[in-house]
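Structure first, then comments.
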Amino acid sequence: MRVAPDGARVSSEPAEAQATAGGTIALPRPPLTHEDSDRSLDRARVHGARQGGRKWFLLWLLIGPGILAMLGENDGPSMISYAATGARYGLGFFLPFIVVTFAIAMVCQEMSMRLGAVTHRGYGQLVLQRFGPLWGWFAAGDLLFTNLVTLIAEFVAIRIGLAYFHMGAGVAAALGLALVVFTMSGGRYWRFERVVLGLAMFNGLFLVAAIMVKPHLGSVAHSMVTFSPFPGGSLNTLLLLFASTVGATVTPWMIFFQQSASADKGLTPRDLKHGRIDTIAGGTLGAIFGCAALIAGAALVTHGGASIQGFAGAGLPAALSKVDGNAVGTVFALGLIEAGAVAVLTISASTGYAVGECIGKASSFNNAPRNAGWFYATNISVALVAAVIILIPGAPLLSIALNANVLATVLLPVTLVFMIMLANDRELMGRWVNSAMLNRVAVVIVAFVAVAGAAYGIDSFLQTVHLIHG
Amino acid sequence: MTRSDQPQTSLEEHDEEDELVDFLEPDQLAGDRSRPVSRYPLTPQTSAWLWGLRVFVLVVSAMVIYTFFAQLS
């Protein structure tokens, strides 16, 4: 939906429809850019598929941002966190809890997709313009900080995966950076999306690993239905796992990414149904693969899983290979490389979108680098900084990976609140605003995320300064 | 291509461009997307609530970061 400079509402129908509908307001067309030409080519294919009644082809054309956001968030630190939880506590509460967190993610990401499809603008741009530069820069600052920490953790995951094959941090850094440059080199959103989507499908390696450890299906089903056994241990450790599991599924970058990618892809209100299918498909795949990582890790629970701390080397994959054979270790290591690589691509993209939107520069994969220098430079720079940091010898890699998720959880409530305000903004969203029921669910989610992050942060801090004992 | 062909080609390109742009909503054009939207009328209560949330997450973030470095040392 368009808000004209004078505040008038303009139809969301394509220009062709506007010319014949009558009564709509025609604004002078801005000069066309390369970005417009590429996006219109993609939209022409969507139009053709819709007119020709080719439902599956239409779905193929319109899926992407939702699956990328969800599988991108099944990233290195998340999979390490899930597997480490499984190794420590076995099957139990955290297995169905992953499904719950993905359900939460679906609610949030649907709003994000809808905002992008209706307003054709990214989250950073909307917050900056609608709520003012201060809030816009706060949002971008939060994102930049959490993305940098998370990207370090992604390179850590790639490094852990490669360490299993006796390759070092330098290879991990080079591989991640090479992928970023490769996916950006086409000057088309469609190409970026399809390459990353192809890579993201290898997130299914965690399902293969889970099948290979031959879990007891009765125990999996029992945990799923009963949320038990509830893990024991220190409250602080549980709070850390709780917060990092939430942060492993819903994060600020996902919201920035899916909204900006939906706008960049050219989704419109007519595509909302497919956008929802895309989001639900991504969430379902993400939940399955996330649970699979925990189930694979749970194979270590009776083999000293709680004491696995050597993730800076080949920790989890090596431990799995000792328990269930080399093949499982290999599959898990490859899964970690994939999880880290896909997240490096999506998270650096979300940083590029946010910075470009906040400084008012072109931020689209449909632009050539010479026309969107800030977007591409930010994309590469943030990945480069993270890659350099993992080359520092003795860096506390597991701790960085877990704390990246916790920080994302702590900062998420502000991002969610602005997203909910935007999704209820009738001037922007017209008839596509949130329903009353969705708002109630959204408020519960914000409260849940805020409590999850704060509980660990406050408890850890009080223990660190010796005001309470764990 | 002769000099006399050029205006014709340019016109054809222009028509093709116009045809393609018809598949976009008007506000999907890059030039239109960069037009600012009007400011949201934040009430003082909403502003106060947002600042409260902002300060809360910054304090908790500081606690997490402090704990992270304290545990390292």
Side-chain angles (χ1 to χ4, degrees), chain A residues 1-3 5 7 10 12-16 18 27 29-33 35-37 39-41 43-44 46-47 119-121 125-126 129-132 135 138 142 263 266 268 360 362 364 396 399 403 406-407 410-411 413-414 417 421 425 427-428 450 453-454 456-458 460-461 463-464, chain B residues 1 5-73:
Chain A
M1 183 60 62
R2 175 184 200 164
V3 182
V10 183
S12 282
E13 295 302 309
E16 190 178 31
Q18 280 209 31
L27 295 176
R29 194 181 77 184
L32 291 187
T33 63
E35 181 184 338
D36 295 325
S37 306
R39 191 169 295 122
S40 54
L41 278 171
R43 292 307 299 173
V46 169
H47 180 77
T119 66
H120 309 305
R121 291 161 193 256
Q125 186 184 7
L126 279 184
Q129 293 179 352
R130 205 71 178 121
F131 298 102
W135 291 111
F138 267 146
D142 286 351
T268 72
S364 166
S399 197
N403 279 287
V406 173
L407 265 179
V410 168
L411 289 168
V414 180
V417 165
M421 288 173 76
D425 189 337
E427 198 176 334
L428 284 178
Y456 169 72
I458 294 168
S460 311
F461 179 74
Q463 280 193 39
T464 307
Chain B
M1 185 188 293
D5 287 336
Q6 284 175 357
Q8 181 68 32
T9 308
S10 168
L11 270 176
E12 280 169 5
E13 277 172 4
H14 188 73
D15 287 348
E16 199 178 300
E17 201 174 61
D18 274 352
E19 235 172 68
L20 270 176
V21 166
D22 284 346
F23 293 107
L24 291 177
E25 290 185 357
D27 51 345
Q28 277 185 295
L29 296 172
D32 204 277
R33 288 170 68 196
S34 61
R35 272 184 203 155
V37 294
S38 59
R39 286 285 282 271
Y40 186 90
L42 278 177
T43 63
Q45 289 88 344
T46 313
S47 282
W49 195 84
L50 286 172
W51 273 109
L53 185 63
R54 180 80 230 166
V55 171
F56 168 75
V57 300
L58 284 181
V59 169
V60 178
S61 300
M63 287 176 171
V64 171
I65 293 166
Y66 176 84
T67 306
F68 172 70
F69 283 108
Q71 283 170 353
L72 287 187
S73 58

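All heavy atoms count here, side chains included; hydrogens, waters and symmetry mates do not. Letters A, B, ... are given to chains in the order of the sequence lines, protein chains preceding strands, and every chain is numbered from 1.
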Might you work through the side-chain contact (heavy atoms from CB on, under 4.5 Å) test for B:Asp22 and A:His47, ending with a clear yes or no? CA-CA 10 Å; B:Asp22 284 346; A:His47 180 77; over 6 Å; no
Contact leader toward chain B among A:Arg43, A:Gln125, A:Gln129, where contacts are heavy-atom pairs under 4.5 Å: A:Gln129
At what distance, to the nearest 0.5 angstrom, does CG of A:Leu407 lie from CD1 of B:Ile65? 5.0 Å
Applying ring-ring contact (aromatic ring centres under 6.0 Å, His included), can you list everything that pairs with B:Trp49, at least two apart in sequence or on another chain? none
Could you have a look at A:Ile458, A:Val414, A:Asp425 and say which one has the most heavy-atom pairs with chain B under 4.5 angstrom? A:Val414
For B:Phe23 against A:Ser40, the heavy-atom pair lying closest together: CB-O, 4.1 Å
Do any of residues 52-60 of chain B have a heavy atom less than 4.5 Å from a heavy atom of chain A, and if so, which, in residue order? B:Leu53, B:Arg54, B:Phe56, B:Val57, B:Val60
Minimum heavy-atom separation for B:Asp32 to A:Arg121, with atom names? O-NH2, 3.3 Å
Go through the atoms of A:Ala263 and report whether side chain, backbone, both or neither lie under 4.5 Å from a heavy atom of chain B. both
Calculate, to the nearest 0.5 Å, the distance between atoms CD and NE2 belonging to B:Glu25 and A:His120 respectively. 3.5 Å
In Å, rounded to the nearest 0.5 Å, how long is the span from CG of B:Leu29 to CZ of A:Arg39? 9.0 Å
Roughly how far, to the nearest 0.5 Å, is CH2 of A:Trp135 from OG of B:Ser47? 7.0 Å
So, the part of A:Ser460 with a heavy atom under 4.5 Å from chain B: the answer is both
Going through the checks in order, is the side-chain contact (heavy atoms from CB on, under 4.5 Å) test met by B:Met63 and A:Val410? CA-CA 10 Å; B:Met63 287 176 171; A:Val410 168; over 6 Å; no
A:Glu427 to B:Ser38 - nearest heavy-atom pair and separation: OE2-OG, 3.0 Å
Looking at A:Thr33, A:Leu41, A:Leu126, which makes the most heavy-atom pairs under 4.5 Å with chain B? A:Leu41
Do the ring planes of A:Phe461 and B:Tyr66 sit parallel (below 30°), tilted (30 to 60°) or perpendicular (above 60°)? perpendicular
